[in-house]
Amino acid sequence: MARDPVLIFTEKGIYCPDGDFFIDPWRPVARALITHGHSDHARPGHGSYLATAAAAPVIRHRLGDVAMDTIAYGEPRRIGGVTVSFHPAGHVPGSAQIRVERAGEVWVVSGDYKVQDDGLSEPFAPVPCHSFISECTFGLPVFHWQSNAAVMGQINRWWAANAAEGRVSVLGAYALGKAQRILTGIDASIGPVLTHGAVEATNAVLRAQGIRLPATTQVTAGVDAASHPGALVLAPPSALGSVWAARFGPAAQAFASGWMALRGVRRRRGLAQGFVLSDHADWDGLNAAIRATGAERVFVTHGYTSVFRRWLETQGYEAGIVATEYEGEGLDAPEAEVIAPPAAEPTT
Amino acid sequence: MIRFAALFDALDRTTKTNAKVAALAEYFREAPEADRLWTIALLSGRRPKRAVTSTELRIWAAEAAGLPLWLVEEAYPVVGDLAETIALILPAAGQTSDRPLATWITDLIALTGQPAAARRSFILAAWDQLATAERFLFNKLITGGFRMGVSRGLMTRALAEATGIAESALAHRLMGDWSPQTTSYARLIAPDDPQADAAKPYPFALAAALEAEPGSLGQPGDWLAEWKWDGIRGQLIHRPGAFALWSRGEELITDRFPEFAPLADFLPMGTVIDGEVLAWHAAGDGAPQPFAALQKRIGRLNVSKKLLAEAPARMLAYDLLEDAGQDIRARPLAERRARLAAIIAALPGGMALALSPPVMADDWAGVATLRATARDRNAEGLMLKRLSSPYHLGRKRGDWWKWKLDPHTVDAVMIYAQAGSGRRATLYTDFTFAVRDGDDLVPFTKAYSGLTDAEFRQITDWVRRNTLERFGPVRRVPPELVFELAFEGIQASPRHKSGIALRFPRMIRWRRDKPVAEIDTLDTLRALLAGQRGFSTPAPPEDI
């Protein structure tokens, strides 16, 4: 007789009946386990939060004084009838995969992850399991990332060339994770580094928890192309082409995102330059990560779910889809394949 | 190919005209001559004959990447470009190659007609020695649709900058029926050899849309007003050794319109006329037929007697570019028209060439009143041309204006959505619309353009959340979003369920204020159709 699943998919999010908690729920719940601090995973309004010690400061910064308990990577914790533990996901500092074990049966929720070492986040560690719930934001074989060092080299060359022409370089990057990854990877000797308030606020939180980042200057009144010639400006993608960015004059603008792999997306954003830099796994990364779990059953969420599920089935997995209400990095070009009602249970 | 990829990259990374011209001019100075020639050809819409089908490309790419074909086909609409999709899915190249563009193209041309196995092994070997960016361009050479964000005018300007030859002279030399296989770079840009270039057309002068009131143009007496006919703009050339009719798309269409052949015996030698080719009512008052009638002629290389009788072609002449062998494009329009009128008046009766009649009125109000009757004459509106103007090279604002009629409009509901391609990949931009017919909704047209990117994003979001059914790339959605569509003309069309076909349909407004119950009906469209003069096609079929 089949046992009840360890995790089920509800309209509030992924739920564990035996532990009575949710993982990254999008509606308010009593008890939430949070994989990382991005807004599509850490929502406000839950009764209590559990996150890694490294992820907690950003979540507090975003959500205010919430009831937060923290946990170390790898530390087992008993919740109701299950044991949970958090394992590095390599997505952003503090990000975790959440392992849930019930009487020897192991399920893992990947959260967002990448297998590539970005030099900033705790590197991804595969967690053996029976059932794996994997994101697949970039789950198409057209996405292949270059090494972190190669992309940082491209950014350095672009910045240096702009600086040599007397132009400021404005680089769009998500305020949590991507911006700090770039800060860590670039050659800060090329020129001054300026930050948008949203990026600097995250920098401050991460610095306070002991993460070392190069010196940055927040853009305030009087900070512009004249005061900081040849600067690199790190700003959220929404600031590209905005009034805010106008203070830098005829600056070079670029966006660092996995979506920049597609020429059409880059052109639609009207960008001359895009850097293909993602905090999600690429096609090979997704496949390698799934293989490494040894799981027989894989549920996919966030991204090209229906295509990726079909692919996994051809690879011999039992595969299903978890519908989500929120899409994270996919905002420019997601294929939120949430067409059928969320029939996420595997059919066998 | 490396140098060509660098050029493409430079052009792709800027929207500034000067930067594009500079990048191209540099290329025209330093690339091998054979590559320059092919680049000019590609940027003026000449591409090598397709040696490999896009289906073969997909299959071979899937094999090379070790992926099932369906997965490649799923990825394609996300990327929005087959050449790019293939470049991205292939494994990294095992080798490098610095073979130039022209060599690759020559090899591709030589592949035509080879057995599939030979073509496959050539393509696979090519992919294995090209980096991703070069591979993308290589694939583009095969799939076509080569757009590099550079107009032909911009390319000509860059070539002028690189060679020091006047832009107008170059523009003329690049016209006509040449291909890199029949000429060389040196010969292409060299001064015209009159023998070799007997049939070469001049670049067409183009008009800009008039947005202001015509009163702002000054005295009506300084202007020539004429009908903007809805046919094929053409250039008729009669020179020693050549009698040719060119379309504006620089296609030689002489043989498709045998009606003009007798003119070779009567037009003076050294005559070049700019005019509009129209399908003509064979009998009666001598009026043009709607564009649909001419459309039947366009694709036919051999015209049947029946079609010749149904839709005989005629040219209404606008302008004279060459008179007695002299290029008179710099002379004022008034003088060119007078010479044109004299040439036409000297022709014997029964020729398929007439002067496009001027539209005469005492003041602008009178011109406007006549313009309002354009549709009854199967014209799209008026052309206003300054009588002192030269025959410009391409589009120059100020002297020539097109003053088109306002389009028809209809309110309709979206029922299917499909993602666009290129920069619109992953955005739902191609919609099918329906009007009401009793209790039913009848699809009647598609439209792709007219909304802002922000509106397309909102609609895309809505389509994703409201998909009822998927048919490959097409999604059926509930009939809820109402749009105002504009179109230039309406024709009966037995091939369509609605029995009608629209000309140039596009969205002009998203009517969020309008409920589906208030959209237009099929009867509204039928009435519009019935109100038009002179059907060229049979009435709609009975079953609607």
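Keep in mind that the numbers below use all heavy atoms, side chains included, and drop hydrogens, waters and symmetry copies. Order of the sequence lines fixes the chain letters, A, B, ..., with proteins taken first and strands second; residue numbering starts at 1 for each chain.
Counting only heavy atoms from C-beta outward, the side chains of A:Ser306 and B:Arg470 approach each other to under 4.5 Å. In this structure, the side chains of A:Trp283 and B:Leu67 come closer than 4.5 Å at one or more pairs of heavy atoms.
Residue B:Asp81 does not touch chain A at all, counting heavy-atom pairs closer than 4.5 Å. Residue B:Thr15 does not touch chain A at all, counting heavy-atom pairs closer than 4.5 Å. Using a 4.5 Å cut-off between heavy atoms, B:Asp12 contacts chain A through both its backbone and its side chain. Using a 4.5 Å cut-off between heavy atoms, A:Arg266 touches chain B through its side chain atoms alone.
Ranked by heavy-atom pairs shorter than 4.5 Å toward chain A, the options B:Thr460, B:Val72, B:Ile89 are led by B:Ile89.
Of all the heavy atoms in A:Tyr304 and B:Val78, the pair that sits closest is OH-CG1, 3.2 Å. When every heavy atom of A:Gly264 is checked against every heavy atom of B:Glu84, the shortest pair comes out as N-OE1, 4.4 Å. Closest non-hydrogen pair, B:Leu88 versus A:His144, comes out as O-CD2, 3.2 Å. Residues B:Trp70 and A:Trp311 approach most closely at CH2-N, 3.4 Å, considering heavy atoms.
For B:Arg152, the side-chain hydrogen bond (donor to acceptor under 3.5 Å, both in side chains) partners at least two apart in sequence or on another chain are B:Glu250. A:Gln154 meets the side chain to side chain contact (heavy atoms under 4.5 Å, CB included) test with A:Gln146, A:Val151, A:Arg157, A:Phe275; sequence neighbours excluded.
Here CG of B:Leu71 is found 7.0 Å from CG of A:Leu140. Values are rounded to the nearest 0.5 Å.
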